[in-house]
Each structure stands twice: as structure tokens, then as C-alpha cells.
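Working notes for the structure below.
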Amino acid sequence: MDEALLAQLTSSQRKAVLHRDGPLLVLAGPGSGKTRVITCRIAALVDSGIRPYNICAITFTNKAAEEMRQRAAALGPSGGAHISTFHSLCVRILRRYAEAAGIRPNFSIYDSADQSKCVKQAVKDCGLDGTNFPPARMLDAISTLKNKLVDAEAFQERAEDFFSRTLSQVYTRYQQILAERNGLDFDDLLMKVAFLLENDSTVCGELSSRFKFLLIDEYQDTNHAQYRLAKALALPHGNICATGDPDQSIYRWRGADIRNILAFEKDWPEAMVVKLEENFRSTAAILRAADSLIARNTNRKQKALVAVRTDEGRVCVEGHEDEAAEADAVARQVDALLAQKVPAGQIAVFYRVNAMSRALEEAFVRHRVPYQVVRGVEFYNRKEIRDLLAYLKVLANPADEVALLRIINTPTRGIGKVTVDRVQAFAVSHGLTLSQALAQADHVAEVSGAARTKLVAFSCLLDKLRRDIVGPVAPLAERVFRESGLEQSFKGTGQDGQDALENVGELINAAAAYDQQAAEPSLLDYLQQIALFSDTDAYEATSERAALMTLHAAKGLEFDHVFIIGLEDGLLPHERGSGDGDELEEERRLFFVGVTRARINLCLSYARYRTVRGQFLRTVASPFLFELGLDSVTPDDEPEEDQDVFFGYSRPPRSVAVSRAAPARPAEPEFAPGQLVRHKTFGLGRVRKYADMGANSVVTVQFNTGQTKSLLLQYANLTRV
DNA sequence: TATTGAGGAATTTTT
DNA sequence: TTCCTCAATA
């Protein structure tokens with residue numbers, strides 16, 4: 001370990017870096033040099049004689065892992081250390097110990113679109129009505145259970161009320177469907193490995209002696225499954241180092257349990273705890289605001305933010321007429337910074353929801369400001385990309401029925417719904433997978449001659465494609481694209497087809513990059529890797545373009561100049577996330593994360609009117625603006641019409657819809673619970689619940705048909721009876 | 001079997 | 001507004 005480097009560290013940092021055996025908790029505030037501490041720690045471990053092979057570092061995103069690999073490599077010989085995300089680690093483990101885990105190693109990883117198809121199927125198979133049991137809600141509930149390591153069998157035993165029993169049926173069936181298709185969803189990856197480690201002492205022994213030192217970053221965002229997994233891995237040796245900041249926990253909705261980090265010292269009583277409270281990143285004004293904001297959270301451990309920088313910096317708040325004016329102002333200011341020779345890569349704009357990038361993009365294009373929207377997964381959701389990937393998935397895992405159904409008639413080859421249904425029925429009655437049934441399509445008596453010919457032709461196509469699928473992925477993808485007829489189907493279809501061809505070209509380039517970087521490129525490995533892609537992974541640290549991203553994607557990054565837009569009640573905090581106090585605190589932490597990304601200047605803005613889902617709505621400033629302790633923003637200001645009046649409300653009312661043409665809308669008709677109403681299609685019903693949210697009010701009605709429906713008041717066309 | 005159109009429902013953050 | 005599903009029609 002380089003002495004000069006060690007000398008640069010503060011005493012706390014050094015303490016964390018040099019700690020050798022036993023548990024270690026690093027409570028690190030924003031900008032405290034946490035990443036540096038971790039990389040130095042890896043280097044120090046190697047220095048003290050630990051083989052890199054025995055070190056496992058877990059990061060939050062693949063991007064972070066890649067960065068850590070590079071930084072660690074720059075400090076010394078750390079090649080061979082396993083640095084990846086929880087999910088990637090699980091994929092590796094499951095492939096290696098597939099048999100012990102009761103799965104096949106060529107499993108597909110099901111993303112949320114695939115999951116939703118499977119859960120719909122499960123709901124249907126259970127004879128339930130999709131409207132009363134919305135697949136999305138079921139999926140959510142199943143995901144929560146899996147994150148808590150409650151598998152289908154365990155849940156069946158404890159399910160008592162009606163909803164739970166129904167859910168239990170769906171859960172069980174859903175897992176069956178996944179198993180039949182040799183598919184695992186994101187949560188399965190964690191759950192399977194956690195159970196494997198806890199129940200199979202041989203596997204656990206092997207893995208924990210391989211990974212003698214475990215380092216986990218962003219520990220505040222681990223969920224229960226990850227927690228148990230890590231604990232099982234580290235239990236034999238106790239060499240676990242967790243780093244994180246409870247104030248930056250922003251994934252509760254995904255099952256992250258902030259108690260994991262708060263209770264670390266209980267789990268590991270002999271743990272050494274190091275606090276890194278000095279902030280090397282931000283200017284004083286930013287830190288004061290951040291500190292004042294986060295102090296409002298009651299559910300936290302007191303932690304100071306100590307400024308190290310002595311320059312002042314600037315925090316400003318701006319009000320604009322609407323989102324277009326807001327976006328325009330941001331673009332203008334970015335342009336001005338560029339004119340002052342600020343590198344574009346030092347500028348970022350954050351927002352709460354992805355939809356808000358649209359207005360920004362338009363403004364940036366207009367002002368000719370170079371930018372990148374950090375949204376990697378979107379690319380993989382494009383139709384043409386999903387189509388091509390579906391072919392590749394079927395080649396890697398023939399049992400993957402979701403993928404097979406996607407491509408069986410894409411491009412159209414005359415195999416319609418009726419035929420598919422018949423083959424599926426054939427498969428079920430003969431105990432075959434769909435692809436097995438397809439392979440013997442000429443024996444399916446239920447299908448007419450013409451349709452059978454087409455099925456056989458498709459089956460032959462798959463056989464042909466399957467012939468040579470080892471080795472590099474890019475040439476394979478290219479071949480599949482051509483021979484499947486996909487390429488042909490996009491040619492001559494105008495601009496859309498051109499775009500699709502270009503996107504596929506991008507995909508093939510990305511695959512080529514994978515081939516370059518992978519030690520042993522294989523189709524299976526490639527597919528399993530890209531399934532775990534996140535938005536942040538698409539961020540290119542370039543100096544040439546400003547970055548536009550959600551607040552969630554901003555985690556772990558830093559910029560000289562940061563803009564956060566849409567500081568409005570209902571947006572930030574988001575209305576869906578400000579139900580109970582815990583949710584509001586999480587929204588506050590999310591804002592805190594955004595604020596603390598800024599090194600020098602921070603500009604916050606809101607719009608007085610915002611178009612939300614096609615509606616022009618009056619907004620109210622975010623309560624968070626008053627919590628920053630800024631002089632210019634005080635809740636006591638008298639509201640004045642016509643100017644930046646928003647700081648006037650000490651108790652901001654909910655957003656109210658105001659139509660431009662008719663601002664004075666007559667009072668809403670009352671739909672109090674108990675009210676009898678009539679609906680055009682559902683007939684008579686009684687109001688059960690009424691959530692007053694202006695134009696977005698939701699009425700829950702129990703109809704005489706026995707169905708209960710939640711309707712958006714403005715569209716439902718309800719009449720009182 | 002493929003395509004079109006009407007009508008209903010839903011709008012957060014992501015490994 | 002936009003997506004999705006279902007049913008009618010080519």
C-alpha cells in the first residue's frame with residue numbers, strides 16, 4: 001500500500017482502510033470519500049497478504065462495480081477480486097451450483113414485462129378475474145414476499161384471509177410457470193441463493209472460504225434477502241465490511257430495509273464502527289441546505305455534515321410559469337455555463353419521474369446544448385430489440401415460453417392465435433414444453449394442414465439458428481437477425497423501420513463490446529448480464545454532454561453544477577410516495593441525495609403550472625423548499641398574486657386542476673361513501689371510497705354485479721342516483 | 001388469420 | 001394523453 005496515498009487520508013478513513021479482521025461498519029455521509037476508502041481497503045487487504053481471489057465486493061449497480069474494478073486496479077494488483085452487484089453474484093452462484101439449487105444453469109432472467117405475462121397467466125390459471133386481481137398488484141405482493149424470503153410453500157401455510165389465500169394460489173402457480181420455463185425473476189435470484197446458502201452447508205462452506213472478505217457498499221439499500229445472503233456468507237469468518245448512509249436509503253419501495261444498517265452493530269457485536277462525517281465534495285451553502293433538510297427526518301441517526309471546502313458556492317430557487325419555461329431556463333443557464341468553459345460533463349439535471357425529461361430534451365435541442373438522457377433500460381424495451389433478444393433467449397433456453405410466444409409469429413409468418421392455442425393445448429396434454437411440441441408439430445392432429453406446414457417451417461428455422469451458437473455473441477446476433485427474417489421485415493417500412501435497423505445495429509455493437517471484454521463470451525452469459533442492466537449503467541462519464549436523469553439514477557454520482565427541477569408538492573415529494581410518514585421521509589432522503597450530488601452550485605426550480613398526463617394543472621411549491629433553511633424562502637412570506645408567490649403557503653393545499661378556458665369550475669359533485677351511483681356499463685353501485693384529488697379523484701364503487709372498481713372520477717361518467 | 005377501431009383504465013422510482 | 005384489450009371485419 002502506497003505510503004503517500006495513506007498519508008492523504010483522514011484518520012477515520014485510514015482506520016477503515018487498515019482494519020483487517022472482523023466486522024466493520026463504515027457510516028459514510030455524502031461526499032466523504034467512501035468509494036475511495038473501499039478501493040483503498042481492497043488494496044490494503046491485498047497488501048497484507050490476502051489473495052484478490054478471496055475478496056468479494058458488492059456494489060449497487062454494474063456501473064459502480066466497473067468503476068471500482070478500475071480504481072482498485074490503479075492502486076495495485078487486485079485482479080481476481082470479485083466485484084459485482086448482488087444480482088450478478090447470484091447469477092454466477094446459481095450457474096455454478098445449479099443442481100444444488102434445483103434449477104438448470106441456462107435459466108432465463110425474467111424482467112418485469114416477462115413477469116407480468118407469467119403472472120397474468122397464473123391469475124388466469126387460478127380461474128380468477130384479472131380485473132378484481134390486477135396482475136400488477138399480485139406481482140408487487142409476490143415480490144415483497146420474495147424479498148422477505150417467504151416462498152410459495154411458506155406463504156401457503158400462513159395465508160389466512162381471503163386475499164392472502166388467493167394470492168397464495170397465484171404465487172404457487174406463478175412459481176410453477178417460471179419453473180416450467182426455466183426462468184427466474186429478479187427476486188428469485190436473491191431468494192434461491194439465500195436459501196441455498198442457509199440450507200446447504202457444503203455450498204455455503206465452499207463459498208465462504210472462497211470469499212474470505214466481504215465488502216458491501218450502499219448497505220442501507222439492501223433488502224431482507226440480500227441481508228440474509230450476506231450474513232450467511234460472512235458468518236463463518238465474520239469478515240464483513242458494510243458501508244452506507246442511512247440518510248441515503250431510497251429503495252424502500254423495492255424492499256430495501258433501512259433497519260439492516262441501523263442494526264448492524266447488533267448483528268455483529270464486535271463490529272468496529274467508523275463514521276466519515278467530513279464532506280469533501282460540496283460547498284458550504286449546499287451542505288447547510290442539505291443538513292437543514294435531512295434534519296427534518298425523525299427516523300434517523302444524528303450525523304453531522306462537516307464542510308471541508310471553504311468556498312461558499314450557491315443554492316438558488318427559481319419559479320417558472322410552466323414546465324416549458326422551466327426547461328428553457330435550465331437550458332439557458334447550462335448554455336451560459338458552457339460559454340464560461342465549464343465542461344458539459346460537469347453539469348447535470350435531476351427530476352423525479354422519467355416523463356419530465358421530455359420538456360428538457362426539447363429545450364436542450366432548441367438551445368443546441370449537448371446532453372445525454374441516462375436511461376439505459378429503455379433501449380432494451382424497444383420492440384425490435386426485445387424481438388431479437390427473444391430469438392436469442394429461445395436459443396439459449398428452449399423452455400423460455402415467453403420468448404418463444406413472442407417470436408412464433410414475429411415477423412408474421414401466418415401462425416395465428418388459434419394455431420398457437422392448439423399447439424399449447426397439445427403440449428399440455430402430452431406433458432411437453434411448447435418448444436418440444438413445436439419440434440413434433442407434424443404430429444399435432446388438431447392443427448390444419450396449412451398451419452402445420454408453417455409450424456414445421458418455423459421449427460426448422462429454430463433448428464437452423466441453433467446450429468452454431470457457441471462463442472462470440474455479435475456475429476451470432478447478426479446472423480439470427482438476418483436468418484429469422486426480422487431484418488427483412490424492417491426494410492422498406494419507412495422511418496420507423498430505419499430507426500429499428502439502427503437500434504439493432506446499436507445492440508450488435510454493444511454485443512461486440514461484450515465479446516471484447518468478456519473472458520469467455522457466451523450467449524447465455526451475455527443474456528444474463530444484460531438482464532441486470534440498470535439506467536445508471538448507461539451513464540457515460542464524458543466531458544462533452546450534460547446529463548439528464550432521475551434522482552434515483554443520480555445516486556453515487558457527483559457534478560459541479562446540479563439542477564433539480566419540479567419542486568412541487570405531489571411531484572417531489574411524489575403523491576404516491578407521501579402517504580405515511582415513512583414514505584415522506586424517503587422522499588426527503590431522495591431529495592437529499594439529489595442536493596448532495598452538487599459540488600459547487602445547486603439550482604432548484606418549480607413550475608406554477610405543469611402538464612400532467614395531458615392536463616394543465618396548477619401546482620403548489622414543494623414543502624421541501626421551506627426546509628432548506630434558505631433566507632429567500634420562508635413560509636411566512638405573504639402570498640402575492642402574479643409573482644413568485646409559492647413560498648406563501650405554510651400549509652400547501654393539494655394541486656388543483658384548473659382548465660385554461662374555464663378556471664372557475666363548478667364544485668365537484670359529492671361522491672361520499674354510501675352514495676348510490678350509476679355507471680354506463682357496470683350499472684348501479686354504491687360508493688365505497690372517495691379520494692379527493694381534484695381532477696384526479698378516485699372513486700371506489702361496489703357494483704351490483706359484485707365487482708368493485710376504482711374509477712378515475714373525471715373519466716368514469718358517474719351519475720348520482 | 002390479420003388488421004382496425006372503440007372503449008376502458010391508468011399513469012413513480014428499478015435490480 | 002396514451003396504452004391495452006377485445007371484438008368486429010377484411
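Since the structure is predicted, the reported quantities are computational estimates derived from the model, not experimental observations. Labels below follow one simple rule: chain letters A, B, ... track the order of the sequence lines, proteins then strands, and each chain is numbered from 1.
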Whole-Å gap separating [atom2] ([N]) and [atom1] ([X]):
X	N	atom1	atom2	answer
A:D187	B:dT14	CG	C1'	11 Å
A:L571	B:dT11	CG	P	16 Å
A:F86	B:dT14	CZ	P	20 Å
A:L572	B:dT13	CG	C1'	11 Å
A:K383	C:dC3	NZ	P	15 Å
A:K117	C:dC4	NZ	P	10 Å
A:Y351	B:dT13	OH	C1'	12 Å
A:R358	B:dT11	CZ	P	19 Å

With a 4.0 Å cut-off, would you call [X] and [Y] a salt bridge?
X	Y	answer
A:E585	A:R296	no
A:D217	A:K34	yes
A:R382	A:D387	no

(message) Base, sugar-phosphate or nothing for A:K454? Non-hydrogen atoms, less than 4.0 Å.
(response) nothing
Between the protein and nucleotides 6-10 of chain C, which nitrogen or oxygen pairs come in under 3.5 angstrom?
none

(message) Can you tell me if A:R300 has over 12 outside heavy atoms packed within less than 6.0 Å of its CZ?
(response) yes
(message) Heavy-atom nearest nucleotide on DNA chain B for A:D535 versus A:V420: which residue maps closer to 5'?
(response) A:V420
(request) Tell me which of A:L532 and A:T419 sits closer to the 5' end of DNA chain B, going by the nucleotide each one is nearest to. (result) A:T419
(message) Using the side-chain heavy atoms of A:N409, tell me which of these nucleotides is nearest: B:dT13, B:dA2, C:dT5.
(response) B:dA2
Does a side-chain N or O of [X] approach OP1 or OP2 of [N] to a distance below 4.0 Å, or not?
X	N	answer
A:K555	B:dT14	no
A:S112	B:dT14	no
A:N354	B:dT14	yes

(message) Test of understanding: with side-chain contact (heavy atoms from CB on, under 4.5 Å), list the residues that count as partners of A:D535, not counting sequence neighbours.
(response) A:R375, A:V377
(request) May I ask you to list the residues of residues 243-256 of chain A, by number, that have any heavy atom positioned under 4.0 Å from an atom of DNA chain B? (result) A:Y251, A:W253, A:R254
Are there any protein N/O atoms within less than 3.5 Å of an N/O atom in nucleotides 3-5 of chain B, and if so, which ones and at what distance?
none

(request) State the CD-CG distance between A:Q115 and A:L184, to the nearest 0.5 angstrom. (result) 10.5 Å
(message) With no hydrogens and no angle check, just 3.5 Å: does a side-chain donor-acceptor pair link A:Y514 and A:D525?
(response) yes
(message) Quiz question: by atom type and distance under 3.5 Å, do the side chains of A:S88 and A:Q529 form a donor-acceptor pair?
(response) no
(message) If stacking means aromatic ring centre less than 5.5 angstrom from the base's six-membered ring centre, planes under 30°, is A:H552 stacked on B:dT13?
(response) no
(request) May I ask you to check whether A:Y380 and A:F533 place their ring centres under 6.0 Å from each other? (result) yes
(request) Can you sort out the partners of A:S108 under side chain to side chain donor-acceptor pair (under 3.5 Å), two or more places apart, ordered by chain and number? (result) A:N397, A:D400
(request) For A:N299, enumerate each residue passing the side chain to side chain donor-acceptor pair (under 3.5 Å) test, keeping only those at least two apart in sequence or located in another chain. (result) none
(message) Measuring only the P atom in each nucleotide, how far is B:dT13 from C:dC4? A whole number of Å is fine.
(response) 15 Å
(request) Compute both the distance and the angle, then confirm whether A:R589 meets the cation-pi test with A:F592: under 6.0 Å from the six-membered ring centre, within 45 degrees of the axis. (result) no
